[in-house]
Amino acid sequence: MKDKNIPLNERIIFALDVDSKEEAKKWVDLLGKQINFYKVGLQLFLAEWFPVVEMITERGHKVMLDLKFYDIPETVKLALRQLKNRNITFATVHGNDPILRAAVEERNGIKILSVTVLTSYGKEDLEEMGFSGTIKDLVFSRAKRALELGCDGIITSGLEASRLRKALGDSFLIVTPGIRPGKNVEIPKDDQKRIVTAQDAIINGADYVVVGRPIRKSEDPVAVVESMQNEIQKGLES
Ligand code: C5P
């Protein structure tokens, strides 16, 4: 969204999918001038726990803790309590109404983002789990519920973002993983199925894009960040 005053250096949340604090630090040192927002997920958090979060926040950067809490409401609430006073900006939660409600109750200033449907899921994955509807409809109903319950935003692919913006308004956050560089660039989708470019994600209404492998696996990560930030700027201006 254009009017939320999110600086360009926070629009890309870099996924620190690495297995040690040393490796994470190398990336933060390399990209710190360009990127002010880092995602700590299961791999890195299990390896290093809170000290890696501190390493990032002590350098003045923001952290999205992406542990996708999914458990009975009381357990999710107590897990959220563990994040109190850790300087975490976003945390992710999965689940139904009571689970999301429990997370929201215990947010302590952290913005709660509800995972709608993983960007690695395609229609066949939903069918396998017994859902007969479309991904778009499922994302929409899960997003609507999450916002009614008080979540600050949702995680969804850039493909669904525009419908959510039109129907649900501008006041909530959309964070979009599954980003791959420009359409003409040959780049692996990896395990992601619902991918878009950073520019399209922003045009469709995303506030933030989460990017991991396209930067991490590039021979020139700084250049990829630069070109994605240019795309984002274009998306914001269009
Ligand atoms: O490497 P890549 O850019 O595909 O990384 C995407 C990151 O976003 C991963 O860390 C993954 O855990 C995360 N993510 C996702 N889909 C979601 C939520 C988070 O891919 N729905």
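Order of listing sets the numbers, starting from 1, for every ligand and every atom in it.
The atoms of ligand 1 that sit less than 4.0 Å from any heavy atom of Pro214 are 3 (O). Under a 4.0 Å criterion applied to the non-hydrogen atoms of Asp17, ligand 1 contributes the atoms 9 (C), 10 (O). Which parts of ligand 1 touch Arg213 is read off a 4.0 Å heavy-atom cut-off, strictly below it: atoms 1 (O), 2 (P), 3 (O), 4 (O). Residue-ligand proximity, Val210 to ligand 1, at heavy-atom distances under 4.0 Å covers atoms 7 (C), 8 (O). Applying the 4.0 Å criterion to heavy atoms of Val211 picks out, from ligand 1, the atoms 3 (O). Taking every non-hydrogen atom of Leu118 and a distance limit under 4.0 Å, the qualifying atoms of ligand 1 come out as 17 (C), 21 (N).
Only the side chain of Arg180 comes within contact range of ligand 1, with a heavy atom under 4.0 Å; no backbone atom does. At a 4.0 Å heavy-atom cut-off, ligand 1 does not touch Thr116 at all.
Note on Arg107 versus Asp152: salt bridge recorded, some NZ/NE/NH1/NH2 to OD/OE distance being below 4.0 Å. Ion pairing of Glu237 with Lys234 is absent here, as no side-chain N (NZ or NE/NH1/NH2) approaches a carboxylate O to less than 4.0 Å. For the pair Glu127 and Lys123, the salt-bridge criterion is met [side-chain N within less than 4.0 Å of a carboxylate O].
Val76 and Ile72 are members of different hydrophobic clusters when ILVMFWY side chains are connected at heavy-atom separations under 4.5 Å.
For Arg165 and Phe172, the positive end sits near the middle of the six-membered ring, less than 6.0 Å away and at most 45° from its axis.
For the salt bridge (Lys or Arg N to Asp or Glu O under 4.0 Å) test, residues two or more places apart in sequence or in another chain that qualify with Glu10 are Lys62.
Between Ala15 and ligand 1, a contact under 3.5 Å exists for no N or O pair. Residue contacts with ligand 1: Thr119 is placed with a nitrogen or oxygen under 3.5 Å of a nitrogen or oxygen of the ligand (distance criterion only).
Inspection of the Glu160 and Ser157 side chains reveals an N or O donor paired with an N or O acceptor under 3.5 Å.
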